[in-house]
Amino acid sequence: MRVDEKQLRLLRMMDEIDNHAIILLDEQGNIETWNKGAEKIKGYTASEIVGRNFRVFYPEADCQAGLPAQLLAEAAATGKVYHEGWRLRQDKTRFWGAVTITASRNEQGQLIGFAKITRDLSERMAAETTIRLHAQDLETRNKELEQFVYIASHDLQEPLLNVGNFVELLQLEYADSFDDGARLYLDIINQSTYRMRNLIKGLLDYARIGREKTFVATDCQELVDFVKEDLTAKLALTAGTLRYSQLPQVMVYPTELRQLFQNLICNALKFTKPGQPPVVTVAAEMRGKYWQFSVNDNGIGIEPAYREKIFKIFQRLHTRETYEGNGIGLAHSKKIVEMHGGELWVESVLGAGSTFFFTIPVHQSGHPTNQTA
Ligand code: ADP
C-alpha cells in the first residue's frame, strides 16, 4: 500500500490523539497499529500488543459469549457497529469503553480489516451511577418522609378530636358554672383546635398527593367550571370576577390539577386590596413543548424578595388576622406541578397584582376545547 504525504500526516495525527484509542485490526481482529490514546487508555505499549488479537481487551465472560467475534461480524455485515461495556486494561483493571468498529474494504469491495475507536467513559459512567444512586436514595427518603407526615398527621387527628369534643361538653354541661374569663379561655381553645384541625388536614392532603397514579385526559375548561362552582359564595362575597376561556385538554392527575387551580384561584380572590373587587383571569398558551397556564389577579402583589419563599410550606407574608390561611397551598401547588413534570413561578408588581404561571408538558396533552365561560 503506497502512502502519500497526506495519508502520512493523517497517520501521524491519529498517532498523537491521546484521549481516544484508534487502532487498525486485520480481518480476524489482530491488532496492526496502536496510537498514544490506546496506550494511555489500555496500558500496553505498541511493541507489547501489536500482533495480538483484540479479544484481550474483553472480560472472560464476554469472550466466552463470543462478543468480540459478533462485533466484527456485525461491522462486516452492516459497515459499522457501536458497543458500550466493560473492557480490560493491561493490569486487568476495568474501564467502561465506548467502541465503534468500522469495516474497511478495498476498491473491489473485499474486507481488508477494521478501524476501531475506543473512548474511556469510566468517569461519566461513575458520575451517572453516583447520580442514579443519589436519586434512588432521595426517592426512598422522600417516600419515608411522606409516609411519616401521613402517619403523624393521621394519628394527631384522634387526640385533637377528643380535645374538641370535651371542650364542647364543658361548654354544654358546665356553662352555668363558668365566669366570663373561663368562657373566653374555652373560646380560645376552640379556635386553636379548629386551626390545628385545618393544619393537620392540609398536611394530610399534602402527603396524599401523588398517590393517584394514572394520567387522565382532562378538560381544563370543565375543571375550572367545577372550581368556579365551588367558589360561588366566595365570588359573591367579594364581588369578584373569574374569567377563563378555551382552556386545553391535558393528560394529568385530575384531582390534583383541580386542587392546583383551586389553590391559585382562591389565593387570587383572597389577597385583594381593600375596597377593590378581585378580577382573576385564567389562561393557557402553547409554548413549544409545554402548555403554559397563568392565573392573574389585580391584588396586593408580592415583593420580589418573597417570590421564592412563598412556595415553601408554612411560609406566609401576613398575619392570620389580615389574611386567613395556613401557608400550605402554594407548597402543595408546587408539588402538584412538579409531579406533572412542569414548573410553577410567580411574576408580580407590588400593589398592582400577581400572575402565577405553571407548565404542563405537551406530550401529556390533547386538543384544546372550544367552550367559553
Ligand atoms: P395561604 O394562602 O394559606 O397563606 P399559600 O401557600 O397559598 O398559603 O400562600 C403563601 C403566601 O404567599 C400567602 O400567605 C401570601 O402571602 C402569598 N400569596 C399567595 N398567593 C398570592 C397572591 N395571589 N397575591 C399575593 N400574595 C399571594
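Whatever order the structure lists them in is the order used to number ligands and atoms, beginning at 1. Atom set for the values below is all heavy atoms of this structure, side chains included, hydrogens, waters and symmetry mates excluded.
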Quiz item: Does a donor on one side chain sit under 3.5 Å from an acceptor on the other, for D120 and S122?
Solution: yes

Practice problem: Provide, to 0.1 Å, the distance between atom 26 (N) of ligand 1 and the closest protein heavy atom, together with that atom's residue and name. | Solution: I302 CG1, 3.3 Å

Self-check item: Parallel, tilted or perpendicular, as decided by the 30° and 60° cut-offs, for the rings of F271 and Y323
Solution: tilted

Quiz prompt | Pi-cation contact, F54 with K116 (under 6.0 Å, within 45°) | solution = no

Quiz item: Any idea which atoms of ligand 1 are less than 4.0 Å away from a heavy-atom of I328?
Solution: 6 (O), 8 (O)

Quiz item: In the protein, which heavy atom is nearest to atom 13 (C) of ligand 1, and how far is it?
Solution: F271 CZ, 3.4 Å

Quiz item: So F356 and F311, would you call those rings parallel, tilted or perpendicular, with 30° and 60° as cut-offs?
Solution: perpendicular

Quiz item: Hey, is H332 one of the residues with a heavy atom under 4.0 angstrom from ligand 1?
Solution: no

Practice problem: Classify the ring geometry between W291 and F293 as parallel (under 30°), tilted (30 to 60°) or perpendicular (over 60°). | Solution: tilted

Self-check item: Sub-4.0 Å heavy-atom contact, G327 with ligand 1
Solution: yes

Self-check item: K228 with D225: basic N within carboxylate O range, under 4.0 Å
Solution: no

Exercise. Would you tell me whether W96 and E84 have side-chain atoms, one donor and one acceptor, within less than 3.5 Å of each other?
Key: yes

Quiz item: Looking at ligand 1, does N263 have a heavy atom less than 4.0 Å from it?
Solution: no

Practice problem: Would you tell me which option among E303, K334, K312, Q315 has the nearest heavy-atom contact to atom 10 (C) of ligand 1? | Solution: Q315

Quiz prompt | Under 3.5 Å: N/O of G325 near N/O of ligand 1 | solution = no

Quiz item: At under 4.0 Å between heavy atoms, which part of D297 makes contact with ligand 1: side chain, backbone, both or neither?
Solution: side chain

Exercise. Indicate yes or no: does E128 engage R132 in a salt bridge with an N to O separation below 4.0 Å.
Key: no

Quiz item: Of the listed options (R316, K270, H318), which comes nearest to atom 16 (O) of ligand 1 when hydrogens are ignored and any heavy atom counts?
Solution: H318

Quiz item: At the 4.0 Å heavy-atom cut-off, does G301 count as touching ligand 1?
Solution: yes

Self-check item: Check ion pair R183-D187 (N to O, under 4.0 angstrom)
Solution: no

Practice problem: Classify the contact between F356 and ligand 1 as side chain, backbone, both or neither, using a heavy-atom distance cut-off of under 4.0 Å. | Solution: side chain

Quiz item: Looking only at protein heavy atoms, which one is nearest to atom 5 (P) of ligand 1, and how far off is it?
Solution: L330 N, 3.5 Å

Quiz item: Which of the listed options, V280, N267, N198, I310, holds the heavy atom that is closest to atom 19 (C) of ligand 1?
Solution: N267

Quiz item: If you count the atoms of ligand 1 from 1 in the order shown, which ones are under 4.0 Å from a heavy atom of S354?
Solution: 24 (N)

Quiz prompt | L317 contact mode with ligand 1 (heavy-atom cut-off under 4.0 Å) | solution = both

Quiz item: For the side-chain contact (heavy atoms from CB on, under 4.5 Å) test, which of I310, L264, V295 pairs with V346?
Solution: I310

